[in-house]
Peer 1: 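This is the structure I have questions about; it appears just below.
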Number of protein chains: 2
Amino acid sequence: MRIYLAGPDVFLPAAARRGAALKKACAHFGHEGVWPLDPPPQAPAAWAALPEPRRIALGNEAHIRSCQALVANLTPFRGPNADPGTAFEIGFARMLGLKLAGWTNDPRCLATRTRAWLGPAARRDGDAWRDDEGLLVEDFGLTENLMLEGAILASGGFIARAETGARCRWDDLAAFERCLAAL
Amino acid sequence: MRIYLAGPDVFLPAAARRGAALKKACAHFGHEGVWPLDPPPQAPAAWAALPEPRRIALGNEAHIRSCQALVANLTPFRGPNADPGTAFEIGFARMLGLKLAGWTNDPRCLATRTRAWLGPAARRDGDAWRDDEGLLVEDFGLTENLMLEGAILASGGFIARAETGARCRWDDLAAFERCLAAL
């Protein structure tokens, strides 16, 4: 199965090495991993006139269209939530009908993690919690925002949570490999 | 034009009032606003057996499928980035071929805002910046992650930035109205 490797992993210091590690794990499970920084499957001549970020965006959309599945690294990124680029790609792949799976090295559910991140700024409002701007803390016991988790479950997939300490949350691939084994 | 109103606005304390305000602005510009908390256009009987967050997710997907455009509130949500649920919906609508637009009440570009949010944790790495975990700060001069902004631009839309102070960043609708006027 061709699997698009969504996640903020492209921002890691040794991104190329990370891409190679994720692809190697895919191959071990009989899959072909597609790393966002791979050359896109097709690059129409018109793209040459576009600025670099536009070409990367269209290239990644083409990568996703060439796959049968998407596995997303949902480990919280600069705050309690998943990287928005990753969330975008899950939405794109969901509409395309791909099989979806997610993994995270933060074992907490969204509400617990958001309240911990807010700290004293978290405010009780009846049975719910709000942040210091009054915005509700979504609390359905899910790992991520209901749109992301709902799409992953609706596609037949699941979210694997690893019990990883904060110091290796960008290193441990055990939860990722559980996704690969299930696909 | 039927416009899906994506954004973390559903988490605001007076969410129903906010939905009504966004829909009223749409009507002023000759559009029909679709608020995520509206009853979904169709609800198959099988959904009744699903837990509430799954029904909400499928309902919002159905809402988006019923629209010709999506306007997303990209105002940073608990960190320097857009709400992941909103990012998901932009990706879903992008694959569906909808006209897209975004608005934000934070006038800064992604890199500036991320570095401000990181504060002393931001580290120089040649011409680039990284966070305290070593992850790169994306810096293409864009308002948001290149997947979101690339999709919005590729659909023919744009991102409207408002110069709003922190105290009214969830209130000011001027940038939203600029999106509506352009659609």
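Basis for what follows: all heavy atoms, side chains included, without hydrogens, waters or symmetry-related copies. Per chain, numbering begins at 1; letters A, B, ... match sequence-line order.
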Peer 1: Where do A/Leu148 and B/Pro84 come nearest, in terms of heavy atoms and distance?
Peer 2: CD1-O, 3.5 Å
Peer 1: Which bit of B/Leu50 comes within less than 4.5 Å of chain A, counting heavy atoms only: side chain, backbone, both or neither?
Peer 2: neither
Peer 1: Heavy-atom distance under 4.5 Å between the side chains of A/Glu61 and B/Met95, does that happen here?
Peer 2: no
Peer 1: Please flag which part of B/Arg78 lies under 4.5 Å from any non-hydrogen atom of chain A: side chain, backbone, both or neither.
Peer 2: both
Peer 1: Please flag which part of B/Ala93 lies under 4.5 Å from any non-hydrogen atom of chain A: side chain, backbone, both or neither.
Peer 2: neither
Peer 1: Under 4.5 Å from any heavy atom of chain A, what part of B/Asp9 do you find: side chain, backbone, both or neither?
Peer 2: neither
Peer 1: Give me the one residue out of B/Leu135, B/Asn145, B/Asn81 that meets side chain to side chain contact (heavy atoms under 4.5 Å, CB included) with A/Asp83.
Peer 2: B/Asn145
Peer 1: Check whether B/Leu58 gets within reach of chain A through its side chain, its backbone, both or neither, counting any heavy atom under 4.5 Å.
Peer 2: side chain
Peer 1: Heavy-atom distances under 4.5 Å only: say whether A/Ala14 touches chain B with side chain, backbone, both or neither.
Peer 2: neither
Peer 1: Give me the atom names and distance for the closest heavy-atom approach of A/Trp117 to B/Gly79.
Peer 2: CH2-N, 3.8 Å
Peer 1: Between A/Glu133, A/Arg130, A/Glu52, who has the most heavy-atom pairs with chain B when the cutoff is under 4.5 Å?
Peer 2: A/Glu133
Peer 1: Can you tell which of A/Gly85, A/Pro51, A/Gly141 has the highest number of heavy-atom pairs within less than 4.5 Å of chain B?
Peer 2: A/Gly85
Peer 1: Considering only heavy atoms, which portion of B/Thr114 lies under 4.5 Å from any heavy atom of chain A: side chain, backbone, both, or neither?
Peer 2: side chain
Peer 1: With the 4.5 Å side-chain cut-off for hydrophobic clustering, are B/Leu110 and B/Trp129 part of the same group?
Peer 2: no
Peer 1: At a heavy-atom distance under 4.5 Å, which candidate from A/Pro80, A/Ala82, A/Ala15 has the highest pair count against chain B?
Peer 2: A/Pro80
Peer 1: Answer with yes or no whether the hydrophobic clustering places B/Leu173 together with B/Trp35; edges join I, L, V, M, F, W, Y residues whose side-chain heavy atoms lie under 4.5 Å apart.
Peer 2: yes
Peer 1: Quick check: is B/Met1 connected to B/Leu98 through a chain of hydrophobic side chains (ILVMFWY, heavy atoms under 4.5 Å apart)?
Peer 2: no
Peer 1: Assess whether atom CZ of A/Arg17 is packed by more than 12 heavy atoms of other residues, nucleotides or ligands within 6.0 Å.
Peer 2: no
Peer 1: Could you look at B/Val10 and say if it's the side chain, the backbone, both or neither that has a heavy atom under 4.5 Å from chain A?
Peer 2: neither
Peer 1: Go through the steps to decide whether B/Phe92 and A/Met147 satisfy the test side chain to side chain contact (heavy atoms under 4.5 Å, CB included), and finish with yes or no.
Peer 2: CA-CA 10 Å; B/Phe92 190 91; A/Met147 294 306 297; over 6 Å; no
Peer 1: Which heavy atom of A/Ala57 sits nearest to which heavy atom of B/Gly150, and what is that distance?
Peer 2: CB-CA, 4.1 Å
Peer 1: Non-hydrogen atoms of chain A under 4.5 Å away: do they reach the side chain of B/Arg55, the backbone, both or neither?
Peer 2: neither
Peer 1: Does any heavy atom of chain A fall under 4.5 Å from the side chain of B/Glu149, the backbone, both, or neither of them?
Peer 2: neither
Peer 1: Checking A/Ile64 against chain B: side chain, backbone, both or neither under 4.5 Å from a heavy atom?
Peer 2: neither
Peer 1: Please say yes or no: joined through hydrophobic side-chain contacts below 4.5 Å, possibly via intermediate residues, are B/Val34 and A/Leu146 part of one cluster?
Peer 2: yes
Peer 1: Would you give the length of the straight line joining atom CD1 of A/Ile152 to atom CZ of B/Phe88, rounded to the nearest 0.5 angstrom?
Peer 2: 8.5 Å
